[in-house]
Amino acid sequence: MATAGSGRQPKYQRIANDLKDAIRSGTYAPGDRLPGENDLMAQYEVARMTARQALGVLQSEGLAEARKGSGVFVRDFQPLRRRGIQRLSREQWGAGRSVWAADLGDRNLVVDQVEVTEEEAPEHISPALAVDEADPVCVRRRRFVLDGKPVLVATSYLPASLVAGSQITQPDTGPGGTYARLAELGHKPVHFREEIRSRMPTPEEAAQLSLSMGTPVILICRTAFAEEGRPVEVNEMVLDSASYVLEYDFDA
């Protein structure tokens, strides 16, 4: 008979650690079903809530996913390594490649939702873009799906006067994306700033990203600047934290 161990660590955490060790050792392979609540209750002699919390730990850490009516399974989705510096290099978008090309390898990325509108600049966006609150902005909302899994929703804001009549106002911005089109308009990005934080998702974000309960999101706000420090885009991204490794590789 297994026990949940001893010491000050909560029982559910010790059970979760046992399950994580079993995943690492290969006892449970990607796609395998993990022991259910009843199994863990009997094996560790714990209450149902304790067993549920243990499985919840694995889900919140992105190691497992619940499938309605089937149980909890070892996640077979491999996190995407987001190369924060290389992906924004002019060598990428300047050569007509997507900024995602630095991250993907041979993985399959689909933008399954695209909405392009013209709206008044939101209160927090107008100062970031150095426009008046009443000034219209081009708003691009997208959802990105990697290997069949929603991983990112993004909303970009650009001064409408800057991009009017360009392909940026269309769902498909063409080779090299928004930054290549900005360069063609004479406003190529020369500097980027990213701010990163984390929080729990809103219900809408959880639905858009198909998040397991308890999974936080990573928020990245990127501002692109043209010559003389002019901001030309603010991109607010919401990432499934369990689907990403953020990598920043640069010289000292």
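Below, all heavy atoms of this structure are taken into account, side chains as well, without hydrogens, waters or symmetry copies.
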S.K.: Please write out which residues are connected to V110 in a hydrophobic cluster, directly or through intermediates, given that two of Ile, Leu, Val, Met, Phe, Trp, Tyr count as joined at side-chain heavy-atom separations below 4.5 angstrom.
M.R.: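 Listed partners: none, V110 stands alone.
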
S.K.: Return the set of residues passing side-chain contact (heavy atoms from CB on, under 4.5 Å) with P171 (not counting sequence neighbours), or none when no residue passes.
M.R.: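 Result, side-chain contact (heavy atoms from CB on, under 4.5 Å) vs P171: V114.
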
S.K.: For T155, which residues count as a side-chain hydrogen bond (donor to acceptor under 3.5 Å, both in side chains) partner, sequence neighbours excluded?
M.R.: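 Scan of T155 (side-chain hydrogen bond (donor to acceptor under 3.5 Å, both in side chains), adjacent residues dropped) gives none.
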
S.K.: Side-chain contact, heavy-atom cut-off 4.5 Å: E123 with E133?
M.R.: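 Sidechains of E133 and E123: in contact.
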
S.K.: Please enumerate all residues that pass ring pair (Phe, Tyr, Trp, His ring centres under 6.0 Å) together with Y244, with sequence neighbours excluded.
M.R.: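 Residues passing ring pair (Phe, Tyr, Trp, His ring centres under 6.0 Å) with Y244: none at all.
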
S.K.: Which residues end up grouped with V153 if you chain together Ile, Leu, Val, Met, Phe, Trp and Tyr wherever their side-chain heavy atoms are less than 4.5 Å apart?
M.R.: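 Besides V153, the cluster holds L209, L211, V217, L219, V238.
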
S.K.: Does R33 offer a backbone N or O that forms a donor-acceptor pair with the side chain of R67 under 3.5 Å?
M.R.: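 Absent.
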
S.K.: I'd like a table of donor-acceptor pairs (distance under 3.5 Å, sequence neighbours excluded) in which one partner is a side-chain atom from residues 245-252, with atom names and distances.
M.R.:
unit_1 : atom_1 : unit_2 : atom_2 : d
E247   : OE1    : R81    : NH1    : 3.3
Y248   : OH     : E194   : OE1    : 3.3

S.K.: R197: which residues meet the side-chain hydrogen bond (donor to acceptor under 3.5 Å, both in side chains) condition with it, sequence neighbours left out?
M.R.: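 Partners of R197 by the side-chain hydrogen bond (donor to acceptor under 3.5 Å, both in side chains) criterion come out as none, since no residue qualifies.
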
S.K.: Can you confirm whether L158 sits close enough to I168 that some side-chain heavy atom of one is under 4.5 Å from a side-chain heavy atom of the other?
M.R.: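 Side-chain contact under 4.5 Å: yes.
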
S.K.: Rounded to the nearest 0.5 Å, how far does CG of L55 lie from OG1 of T50?
M.R.: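 One finds 11.0 Å between OG1 of T50 and CG of L55.
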
S.K.: Can you check whether C138 reaches V116 side chain to side chain, under 4.5 Å on heavy atoms?
M.R.: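 Counting from C-beta outward, C138 and V116 do come under 4.5 Å.
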
S.K.: Is there any side-chain hydrogen bond (donor to acceptor under 3.5 Å, both in side chains) pair reaching into residues 141-151, and which pairs are they, with sequence neighbours excluded?
M.R.: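 Sorted result for residues 141-151: R107-D147, D112-R143, E119-R141, R142-S156, K149-D240.
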
S.K.: Other hydrophobic cluster members with F225, side-chain heavy atoms of Ile/Leu/Val/Met/Phe/Trp/Tyr under 4.5 Å, chained?
M.R.: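 Other cluster members: none.
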
S.K.: Can you find a pair of side-chain heavy atoms, one from V74 and one from L34, that are under 4.5 Å apart?
M.R.: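 V74 vs L34: side chains touch.
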
S.K.: What's the shortest heavy-atom distance between Q170 and R140, and which atoms?
M.R.: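 In terms of heavy atoms, the two residues are closest at O-NH1, 2.6 Å.
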
S.K.: Looking only at non-hydrogen atoms, find the nearest pair between T27 and D32 and report the distance.
M.R.: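 Scanning both residues completely, I find the closest heavy atoms to be O-OD2, 4.2 Å.
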
S.K.: Using only heavy-atom distances, determine whether the side chains of S243 and R75 contain a donor-acceptor pair under 3.5 Å.
M.R.: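 S243 vs R75: donor-acceptor pair found between side chains.
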
S.K.: Looking only at heavy atoms, which two atoms of I196 and I218 are closest? And how far apart?
M.R.: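 For I196 and I218, the tightest heavy-atom pair comes out as CG2-CG2, 3.8 Å.
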
S.K.: If Ile, Leu, Val, Met, Phe, Trp and Tyr residues are connected whenever their side-chain heavy atoms lie under 4.5 Å apart, and connections chain through other members, are V163 and V190 in the same group?
M.R.: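 Cluster IDs for V163 and V190 differ.
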
S.K.: Is the shortest side-chain heavy-atom distance between D18 and Y44 below 4.5 Å?
M.R.: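 Yes, at least one pair of side-chain atoms sits under 4.5 Å.
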
S.K.: Which ILVMFWY residues can you reach from L129 by hopping between side chains whose heavy atoms are under 4.5 Å apart?
M.R.: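 Joined to L129, directly or through intermediates: I125, V131, V137, V139, Y157, V234.
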
S.K.: Considering residues at least two apart in sequence or located in another chain, which fulfil the side-chain hydrogen bond (donor to acceptor under 3.5 Å, both in side chains) criterion with R199?
M.R.: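 Checked R199 against side-chain hydrogen bond (donor to acceptor under 3.5 Å, both in side chains); matches are E205.
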
S.K.: Within a strict 4.5 Å, meaning less than it, do heavy atoms of the Q59 and T215 side chains meet?
M.R.: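 With C-beta onward as the side chain, the pair stays apart.
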
S.K.: Step by step, work out the side chain to side chain contact (heavy atoms under 4.5 Å, CB included) result for R48 and L40.
M.R.: CA-CA 8 Å; R48 182 174 301 278; L40 296 176; over 6 Å; no

S.K.: Taking only residues two or more places apart in sequence, or in another chain, which ones meet H124 in a side-chain hydrogen bond (donor to acceptor under 3.5 Å, both in side chains)?
M.R.: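 Scan of H124 (side-chain hydrogen bond (donor to acceptor under 3.5 Å, both in side chains), adjacent residues dropped) gives E236.
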
S.K.: Between S241 and P216, is there a donor-acceptor pair closer than 3.5 Å when you use the side chain of the first and the backbone of the second?
M.R.: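 Yes.
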
S.K.: Can you give me the closest heavy-atom contact between D103 and L80, atom names plus distance?
M.R.: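 So the minimum-distance heavy-atom pair works out to O-CD1, 3.5 Å.
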
S.K.: Distance-only, no hydrogens or angles: does the R181 side chain make a donor-acceptor pair with backbone N or O of T173 under 3.5 Å?
M.R.: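 Such a contact is found between R181 side chain and T173 backbone.
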
S.K.: Looking only at heavy atoms, which two atoms of P136 and E118 are closest? And how far apart?
M.R.: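 Heavy atoms only, the tightest pair is CB-OE2, 3.7 Å.
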
S.K.: Determine, using the 4.5 Å side-chain heavy-atom cutoff (strictly less than), whether L152 and I85 are members of one ILVMFWY cluster.
M.R.: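 Cluster IDs for L152 and I85 match.
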
S.K.: Do I15 and V57 make a side-chain contact, defined as non-hydrogen atoms from C-beta onward lying under 4.5 Å apart?
M.R.: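 No. Closest side-chain heavy atoms not under 4.5 Å.
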
S.K.: So which atom in A51 and which in M41 form the shortest heavy-atom distance, rounded to 0.1 Å?
M.R.: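 It is CB-CG, 4.1 Å.
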
S.K.: Does the side chain of L146 reach to within under 4.5 Å of the side chain of L104, using non-hydrogen atoms?
M.R.: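 Yes, side chains in contact.
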
S.K.: Does a sphere of radius 6.0 Å around CE in M49 hold more than 12 heavy atoms from other residues, nucleotides or ligands, not counting ones at 6.0 Å or beyond?
M.R.: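 Not more than 12 within 6.0 Å, no.
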
S.K.: So, applying side-chain hydrogen bond (donor to acceptor under 3.5 Å, both in side chains) with Y179, which one of E184, K188, E233 is it?
M.R.: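 Of the listed options, the one satisfying the test is E233.
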
S.K.: State whether the side chain of S25 and the backbone N or O of A22 hold a donor-acceptor pair below 3.5 Å, judged by distance alone.
M.R.: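 Yes: the side chain of S25 pairs with the backbone of A22.
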
S.K.: Tell me whether F73 is reachable from L63 by hopping between hydrophobic residues (I, L, V, M, F, W, Y) whose side-chain heavy atoms are closer than 4.5 Å.
M.R.: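 Different clusters.
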
